[in-house]
Amino acid sequence: MNQTDLIVITGAGGFIAGNLVLYFKKKGFANIRAVDKKPLYDWYLRVPGVEHLCLDVSNEADCHRVCEGAKEVYNLAADMGGMGFIERFRVECLRSVLINTHMTEAAYKAGADRYFFSSSACAYNTSLQSDPNVRALKEADAYPALAERGYGWEKLFSEMVCQEYWHERGMKTFVARFHNVYGPHGTWDGGREKAPAAICRKMIEAIDKNDFRITIWGDGKQTRSFMYVDDCVQGVDKIMHCDDLIATPINLGSSELVSIDTLVSKVEKIADRKLKRSYDLNAPRGVAGRNSDNTFIKKVLGWEPDTPLDKGLETTYGWIKDQYERRKAGEHVGIG
Ligand code: NAD
């Protein structure tokens with residue numbers, strides 16, 4: 001890539017794409033177009049020197065405008081959230097199929113060299129995730145398919161769209177299956193937040209209100225791995241520029257497996273406070289266990305996401321606390 005080539009990043013008012021814009025800007029890229037349907041006012045990050053467009057990429061005409069002149073396209077826009085959102089709003093999740101469908105075509109018509117799609121571990125066969133002591137998921141475990149209803153099936157179909165744009169039309173496409181991502185500049189309240197951000201916020205609220213009762217969704221024994229966002233954006237860059245990975249979905253996740261109860265204990269340690277836990281067994285909780293098998297990424301890239309959860313969580317807690325206090329003081333902060 002020439003540093004003046006145009007990079008297009010969609011979903012940039014949101015969490016991961018916002019961090020990706022920052023990452024490429026810091027790397028010295030001069031022409032970055034950041035796109036989101038949210039009003040600019042609500043974006044988590046607005047990076048100086050970047051072109052900001054507020055457009056809806058589920059609309060085909062907008063996608064052509066978005067991809068004009070692009071050398072590389074990173075499509076991270078999706079209607080998504082944590083389990084509370086994806087179990088409740090399956091239609092919205094499925095409708096994200098319009099985004100990737102129109103974006104691949106627009107990128108192809110614009111003559112983009114490379115196209116990146118952010119898939120998810122929710123594309124994996126759910127029957128392999130029914131035990132907290134789960135075997136880590138490897139790339140082949142997506143088929144035979146039994147993806148997460150709604151969100152997971154949309155991802156699986158969109159992966160296939162990417163693969164066929166390479167096989168039939170020769171556009172270099174890249175697909176990463178993100179496992180849970182956490183870190184600063186992402187959703188921490190409002191209903192779309194994921195477990196790490198939700199637990200940090202609940203602790204901050206507990207301290208603020210001096211009420212240390214906390215409700216945990218599920219029995220606390222569900223297991224997950226959590227990838228720090230800096231690892232995620234670095235991984236996206238590495239995957240996008242590895243020709244061995246053209247049209248080849250790959251895990252991008254941490255392999256540090258923890259239970260939700262352990263996650264809560266880590267937040268307690270950071271805040272130096274204890275919470276009174278109760279468990280809501282009727283709340284959305286997703287699969288019983290999920291981890292990322294990183295054999296393939298280590299083999300092909302000689303690298304894997306490795307920020308320890310303790311370290312990433314501390315930074316995330318500090319950022320959410322700052323956002324919470326700013327909002328309490330009447331300042332407008334980004335929203336999901
Ligand atoms: P996010 O919700 O913070 O960001 C997504 C952004 O896309 C939002 O700002 C939203 O406004 C925007 N968007 C939605 N529909 C749009 C449209 N039609 N036009 C323009 N913008 C639109 O989510 P995120 O966590 O940053 O996720 C980014 C990508 O990574 C998504 O594709 C998501 O499915 C995938 N992913 C995320 C995780 C995770 O743990 N965060 C895990 C697996 C996969």
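We count ligands from 1, going down the list as the structure has it; atoms in each ligand are counted the same way.
Within the 6.0 Å centre-distance limit, the rings of Tyr182 and Tyr228 are counted as a close aromatic pair. The distance between the ring centers of Tyr41 and His332 falls below 6.0 angstrom. If you look at Phe29 and Phe24, their ring centroids are closer than 6.0 Å.
Nearest protein heavy-atom contact of atom 28 (C) of ligand 1 is Leu76 O, 3.3 Å. With respect to atom 15 (N) of ligand 1, the closest heavy atom belonging to the protein is Lys37 CE, 3.5 Å. Atom 1 (P) of ligand 1 has Phe15 N, 4.0 Å as its closest protein atom, hydrogens excluded (heavy atom only). Of the protein's non-hydrogen atoms, Ile16 N, 2.8 Å is the one closest to atom 26 (O) of ligand 1. Of the protein's non-hydrogen atoms, Ala78 O, 3.7 Å is the one closest to atom 5 (C) of ligand 1.
Residue Ser58 has at least one heavy-atom neighbour below 4.0 Å for each of these atoms of ligand 1: 18 (N). Against a heavy-atom cut-off of under 4.0 Å, Leu55 is close to the following atoms of ligand 1: 19 (N), 20 (C). Heavy-atom proximity to Asn180, at under 4.0 Å, picks out these atoms of ligand 1: 40 (O).
In this structure, Lys155 and Ser118 approach most closely via the heavy-atom pair NZ-O, 2.9 Å.
Take Lys269 and apply the side chain to side chain contact (heavy atoms under 4.5 Å, CB included) test, not counting sequence neighbours, and it matches no residue. Checked against side chain to side chain contact (heavy atoms under 4.5 Å, CB included), Glu314 has the following partners two or more places apart in sequence or in another chain: Ile270.
The residue from Val57, Asn59, Leu98 that puts a heavy atom closest to atom 19 (N) of ligand 1 is Val57. Within the set Tyr151, Phe226, Phe117, the minimum heavy-atom distance to atom 36 (N) of ligand 1 is found for Tyr151. Scanning Ala123, Ala121, Ser119 for the heavy atom closest to atom 44 (C) of ligand 1 points to Ser119. Relative to atom 37 (C) of ligand 1, the option among Met80, Lys38, Arg95, His179 with the closest non-hydrogen atom is Met80.
The shortest N or O to N or O distance between Lys194 and ligand 1 is under 3.5 Å. Residue Asp56 places at least one N or O, backbone or side chain, under 3.5 Å from an N or O of ligand 1. Considering backbone and side-chain atoms together, Ala77 places no N or O closer than 3.5 Å to any N or O of ligand 1. Taking any N or O of Lys155, backbone or side chain, at least one lies under 3.5 Å from an N or O belonging to ligand 1. Among the atoms of Val181, some N or O lies under 3.5 angstrom from an N or O of ligand 1. Residue Gly14 has at least one nitrogen or oxygen atom sitting less than 3.5 Å from a nitrogen or oxygen atom of ligand 1, judged on distance alone. For a threshold of 3.5 Å applied to N or O pairs, the pair formed by Val35 and ligand 1 contains no separation below that value. Residue-to-ligand polar distances place Asp36 within reach of ligand 1: an N/O pair is separated by less than 3.5 Å.
Using modelled atom types, one finds a donor on one side chain and an acceptor on the other under 3.5 Å when comparing Tyr279 with Asp261. Tyr74 and Asp237 form no side-chain donor-acceptor contact under 3.5 Å, judged by distance and modelled atom types alone.
With salt bridges taken as basic N to acidic carboxylate O contacts below 4.0 Å, one links Asp79 and Arg192. With salt bridges taken as basic N to acidic carboxylate O contacts below 4.0 Å, one links Arg169 and Glu105. Comment: Glu72 does not engage Lys172 in a salt bridge, judged by the lack of any side-chain N to carboxylate O separation of less than 4.0 angstrom.
Ring geometry for Tyr124 versus His179: interplanar angle of 30 to 60°, hence tilted.
Residue contact check for ligand 1: Gly13 places a non-hydrogen atom closer than 4.0 Å to it.
Surrounding CZ of Arg213 are at most 12 heavy atoms belonging to other residues, nucleotides or ligands under 6.0 Å away.
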